[in-house]
Amino acid sequence: ELKVEQNPLFLSMQEGKNYTIYCNYSTTSDRLYWYRQDPGKSLESLFVLLSNGAVKQEGRLMASLDTKARLSTLHITAAVHDLSATYFCAVDLNNAGNMLTFGGGTRLMVKP
Amino acid sequence: DTAVSQTPKYLVTQMGNDKSIKCEQNLGHDTMYWYKQDSKKFLKIMFSYNNKELIINETVPNRFSPKSPDKAHLNLHINSLELGDSAVYFCASSRMTGVSYNSPLHFGNGTRLTVT
(Lines give C-alpha, C1' and ligand atoms only; values in the text may rest on other atoms or scores of the structure.)
Protein backbone atom coordinates (compact mmCIF):
# COMPACT_ATOMS: atom_id res chain seq x y z
CA GLU A 1 0.00 0.00 0.00
CA LEU A 2 1.32 3.39 -0.98
CA LYS A 3 1.92 5.77 1.88
CA VAL A 4 2.52 9.46 1.40
CA GLU A 5 3.77 11.41 4.37
CA GLN A 6 4.20 15.14 4.64
CA ASN A 7 6.04 17.06 7.27
CA PRO A 8 5.56 19.21 9.01
CA LEU A 9 1.80 18.92 9.36
CA PHE A 10 1.59 22.43 10.69
CA LEU A 11 3.92 25.32 10.05
CA SER A 12 3.74 28.80 11.47
CA MET A 13 6.28 31.24 10.13
CA GLN A 14 6.99 34.92 9.90
CA GLU A 15 6.79 36.86 6.69
CA GLY A 16 10.09 37.05 4.89
CA LYS A 17 11.37 33.70 6.13
CA ASN A 18 12.23 30.62 4.10
CA TYR A 19 11.05 27.11 4.78
CA THR A 20 10.70 23.69 3.16
CA ILE A 21 7.83 21.21 3.25
CA TYR A 22 8.76 17.58 2.69
CA CYS A 23 6.78 14.83 1.01
CA ASN A 24 7.98 11.25 1.33
CA TYR A 25 6.33 8.32 -0.38
CA SER A 26 6.74 4.60 -0.01
CA THR A 27 6.70 3.11 -3.49
CA THR A 28 8.04 3.81 -6.96
CA SER A 29 6.42 6.64 -8.84
CA ASP A 30 7.61 9.19 -11.36
CA ARG A 31 4.69 11.55 -11.01
CA LEU A 32 4.02 13.86 -8.13
CA TYR A 33 1.65 16.77 -7.75
CA TRP A 34 1.40 19.68 -5.36
CA TYR A 35 -1.92 21.31 -4.56
CA ARG A 36 -2.99 24.26 -2.48
CA GLN A 37 -6.25 24.44 -0.51
CA ASP A 38 -7.55 27.59 1.13
CA PRO A 39 -9.94 27.12 4.08
CA GLY A 40 -13.34 25.96 2.91
CA LYS A 41 -12.22 26.01 -0.70
CA SER A 42 -11.31 23.61 -3.43
CA LEU A 43 -7.85 22.29 -4.30
CA GLU A 44 -5.80 24.26 -6.78
CA SER A 45 -3.02 22.63 -8.75
CA LEU A 46 0.41 24.19 -8.16
CA PHE A 47 2.97 21.89 -9.73
CA VAL A 48 3.18 18.70 -11.77
CA LEU A 49 6.52 16.90 -11.45
CA LEU A 50 7.00 14.15 -13.99
CA SER A 51 10.56 12.88 -13.71
CA ASN A 52 13.52 12.47 -11.42
CA GLY A 53 15.25 15.77 -10.85
CA ALA A 54 12.27 17.83 -12.00
CA VAL A 55 12.22 21.31 -10.56
CA LYS A 56 9.46 23.85 -11.05
CA GLN A 57 9.09 27.36 -9.71
CA GLU A 58 6.18 29.73 -9.51
CA GLY A 59 6.66 32.97 -7.61
CA ARG A 60 7.88 32.24 -4.09
CA LEU A 61 7.27 28.50 -4.38
CA MET A 62 9.65 25.94 -5.82
CA ALA A 63 9.00 22.21 -6.02
CA SER A 64 11.45 19.42 -6.73
CA LEU A 65 11.30 15.66 -7.13
CA ASP A 66 13.88 13.00 -6.30
CA THR A 67 12.36 9.70 -7.37
CA LYS A 68 15.31 7.67 -6.11
CA ALA A 69 14.88 9.05 -2.61
CA ARG A 70 11.08 9.03 -3.05
CA LEU A 71 11.05 12.60 -1.87
CA SER A 72 9.59 15.85 -3.06
CA THR A 73 10.12 19.24 -1.49
CA LEU A 74 8.14 22.45 -1.65
CA HIS A 75 10.37 25.37 -0.80
CA ILE A 76 8.97 28.70 0.26
CA THR A 77 11.11 31.76 -0.23
CA ALA A 78 10.47 35.02 1.62
CA ALA A 79 7.00 33.97 2.73
CA VAL A 80 4.09 36.38 2.52
CA HIS A 81 0.73 36.22 4.27
CA ASP A 82 -1.07 35.29 1.03
CA LEU A 83 0.73 31.95 1.03
CA SER A 84 -1.21 30.85 4.11
CA ALA A 85 -3.10 27.70 3.10
CA THR A 86 -2.90 23.92 3.33
CA TYR A 87 -0.50 22.31 0.87
CA PHE A 88 -0.93 18.74 -0.30
CA CYS A 89 1.39 16.51 -2.24
CA ALA A 90 -0.10 13.62 -4.20
CA VAL A 91 1.65 10.66 -5.75
CA ASP A 92 0.46 8.85 -8.84
CA LEU A 93 0.60 5.16 -7.92
CA ASN A 94 0.51 3.64 -11.38
CA ASN A 95 1.86 6.52 -13.48
CA ALA A 96 -1.41 6.63 -15.34
CA GLY A 97 -2.85 9.67 -13.68
CA ASN A 98 -5.92 8.01 -12.31
CA MET A 99 -4.82 6.89 -8.87
CA LEU A 100 -3.56 9.74 -6.73
CA THR A 101 -2.69 9.13 -3.12
CA PHE A 102 -2.55 12.32 -1.11
CA GLY A 103 -0.35 13.24 1.79
CA GLY A 104 -1.96 14.46 4.97
CA GLY A 105 -1.40 18.10 4.11
CA THR A 106 0.74 20.83 5.63
CA ARG A 107 -1.14 23.73 7.09
CA LEU A 108 0.94 26.86 6.60
CA MET A 109 0.29 30.06 8.50
CA VAL A 110 2.38 33.08 7.60
CA LYS A 111 2.25 35.80 10.20
CA PRO A 112 2.64 39.45 9.21
CA ASP B 1 -17.17 29.74 -16.26
CA THR B 2 -17.06 27.02 -13.62
CA ALA B 3 -14.90 24.15 -14.83
CA VAL B 4 -16.01 21.49 -12.34
CA SER B 5 -19.25 22.25 -10.56
CA GLN B 6 -20.88 20.34 -7.73
CA THR B 7 -24.29 20.67 -6.18
CA PRO B 8 -25.27 21.12 -3.48
CA LYS B 9 -22.50 22.97 -1.68
CA TYR B 10 -23.90 22.02 1.72
CA LEU B 11 -26.02 19.01 2.60
CA VAL B 12 -27.40 18.36 6.08
CA THR B 13 -29.46 15.24 6.56
CA GLN B 14 -30.40 12.63 9.09
CA MET B 15 -29.06 9.14 9.50
CA GLY B 16 -30.76 6.59 7.31
CA ASN B 17 -31.67 9.02 4.53
CA ASP B 18 -30.62 8.69 0.90
CA LYS B 19 -28.99 11.64 -0.83
CA SER B 20 -27.27 12.50 -4.10
CA ILE B 21 -24.50 14.87 -5.07
CA LYS B 22 -24.21 16.01 -8.66
CA CYS B 23 -21.05 16.87 -10.57
CA GLU B 24 -20.53 18.31 -14.00
CA GLN B 25 -17.39 19.36 -15.85
CA ASN B 26 -17.18 21.52 -18.95
CA LEU B 27 -13.50 20.92 -19.62
CA GLY B 28 -13.98 18.11 -22.10
CA HIS B 29 -12.09 15.75 -19.80
CA ASP B 30 -12.35 11.99 -20.17
CA THR B 31 -11.94 10.99 -16.56
CA MET B 32 -13.86 12.00 -13.48
CA TYR B 33 -13.37 11.18 -9.81
CA TRP B 34 -14.90 11.36 -6.39
CA TYR B 35 -12.68 12.09 -3.39
CA LYS B 36 -13.61 12.20 0.27
CA GLN B 37 -11.95 14.65 2.66
CA ASP B 38 -12.47 13.88 6.33
CA SER B 39 -12.40 16.22 9.30
CA LYS B 40 -8.62 15.93 9.51
CA LYS B 41 -8.30 17.10 5.90
CA PHE B 42 -7.20 13.67 4.74
CA LEU B 43 -8.15 13.12 1.09
CA LYS B 44 -8.92 9.68 -0.26
CA ILE B 45 -10.06 8.57 -3.68
CA MET B 46 -13.40 6.79 -3.84
CA PHE B 47 -14.17 6.26 -7.50
CA SER B 48 -12.78 7.01 -10.92
CA TYR B 49 -14.66 6.87 -14.21
CA ASN B 50 -13.16 7.06 -17.68
CA ASN B 51 -15.60 7.75 -20.51
CA LYS B 52 -18.54 6.63 -18.37
CA GLU B 53 -16.87 3.40 -17.31
CA LEU B 54 -15.79 2.65 -13.76
CA ILE B 55 -12.03 2.15 -13.55
CA ILE B 56 -11.32 2.60 -9.86
CA ASN B 57 -13.49 1.60 -6.95
CA GLU B 58 -11.64 1.81 -3.69
CA THR B 59 -12.91 0.09 -0.57
CA VAL B 60 -16.08 2.13 -0.41
CA PRO B 61 -19.27 0.71 1.14
CA ASN B 62 -21.93 -0.46 -1.27
CA ARG B 63 -24.15 2.31 0.02
CA PHE B 64 -22.16 4.63 -2.24
CA SER B 65 -23.06 4.31 -5.89
CA PRO B 66 -21.60 6.53 -8.59
CA LYS B 67 -23.49 7.09 -11.81
CA SER B 68 -22.07 8.56 -14.99
CA PRO B 69 -24.74 9.29 -17.63
CA ASP B 70 -22.12 10.80 -19.92
CA LYS B 71 -18.47 11.69 -19.65
CA ALA B 72 -19.25 15.23 -18.47
CA HIS B 73 -21.25 14.07 -15.44
CA LEU B 74 -20.48 11.90 -12.45
CA ASN B 75 -23.09 11.83 -9.72
CA LEU B 76 -22.76 10.20 -6.32
CA HIS B 77 -25.73 8.57 -4.64
CA ILE B 78 -25.51 7.55 -1.01
CA ASN B 79 -28.01 5.21 0.63
CA SER B 80 -28.73 4.81 4.33
CA LEU B 81 -26.47 7.62 5.43
CA GLU B 82 -24.39 7.11 8.56
CA LEU B 83 -22.71 9.55 10.94
CA GLY B 84 -19.31 8.51 9.61
CA ASP B 85 -20.25 9.67 6.14
CA SER B 86 -19.96 13.27 7.29
CA ALA B 87 -17.15 14.79 5.26
CA VAL B 88 -16.44 17.03 2.31
CA TYR B 89 -16.84 15.26 -1.01
CA PHE B 90 -14.87 16.56 -3.96
CA CYS B 91 -15.52 15.81 -7.57
CA ALA B 92 -12.57 16.14 -9.93
CA SER B 93 -11.74 15.60 -13.57
CA SER B 94 -8.63 15.12 -15.67
CA ARG B 95 -7.76 15.23 -19.35
CA MET B 96 -6.77 11.65 -19.95
CA THR B 97 -5.20 8.63 -18.41
CA GLY B 98 -2.37 6.48 -19.63
CA VAL B 99 1.38 6.87 -19.77
CA SER B 100 1.19 10.17 -21.61
CA TYR B 101 -0.84 11.69 -18.86
CA ASN B 102 0.58 14.87 -17.41
CA SER B 103 -2.44 16.94 -16.53
CA PRO B 104 -3.37 17.60 -12.91
CA LEU B 105 -6.79 17.00 -11.47
CA HIS B 106 -9.27 19.86 -11.58
CA PHE B 107 -11.39 19.86 -8.45
CA GLY B 108 -14.88 21.11 -7.81
CA ASN B 109 -15.62 23.29 -4.81
CA GLY B 110 -16.73 20.39 -2.67
CA THR B 111 -19.95 19.35 -0.99
CA ARG B 112 -19.95 19.47 2.79
CA LEU B 113 -22.14 16.61 3.97
CA THR B 114 -23.28 16.59 7.58
CA VAL B 115 -25.19 13.58 8.87
CA THR B 116 -27.01 14.08 12.16
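Each chain gets a letter, A, B and so on, in the order its sequence line appears, and its residues count up from 1. Owing to the predicted nature of the structure, the values given are computational and were not obtained by experimental measurement.
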| task | Give a yes or no on whether K22(B) atom NZ has more than 12 heavy-atom contacts from other residues, nucleotides or ligands under 6.0 Å away. | result | no
Looking at S42(A) and G108(B), would you say the former's side chain and the latter's main chain have a donor-acceptor pair under 3.5 Å?
yes
CG of L105(B) to OH of Y33(A), rounded to nearest 0.5 Å, is 7.0 Å
Item to complete: Using a 4.5 Å cut-off on heavy atoms from C-beta on, say whether the side chain of S45(A) contacts that of F107(B).
Response: no
| request: Taking atom CE of M62(A) as the centre, report whether more than 12 heavy atoms of other residues, nucleotides or ligands fall under 6.0 Å from it. | output: no
Applying a strict 4.5 Å limit to non-hydrogen atoms, the region of F88(A) in contact with chain B is side chain
Value for NZ (K40(B)) from CG (L9(A)), rounded to nearest 0.5 Å, stands at 11.0 Å
Cut-off 4.5 Å, heavy atoms of chain B, and the answer for Q37(A) is side chain
Other residues, nucleotides and ligands only: do more than 12 of their heavy atoms fall within 6.0 Å of CG on N62(B)? no
Between the CG atom in L100(A) and the OH atom in Y35(B), the distance rounded to the nearest 0.5 Å is 4.0 Å
* Asked: Honestly curious: do F90(B) and I78(B) fall in one hydrophobic cluster under the side-chain, below-4.5 Å linking rule?
  -> no
Tightest non-hydrogen contact, residues G104(A) and F42(B), listed as CA-CD1, 4.4 Å
- Message: Is it true that, when you exclude R112(B) itself, more than 12 heavy atoms of the residues, nucleotides or ligands shown sit nearer than 6.0 Å to its CZ?
- Response: no
TODO: Report, as yes or no, whether the 6.0 Å neighbourhood of atom OH on Y19(A) holds more than 12 heavy atoms from other residues, nucleotides or ligands.
DONE: no
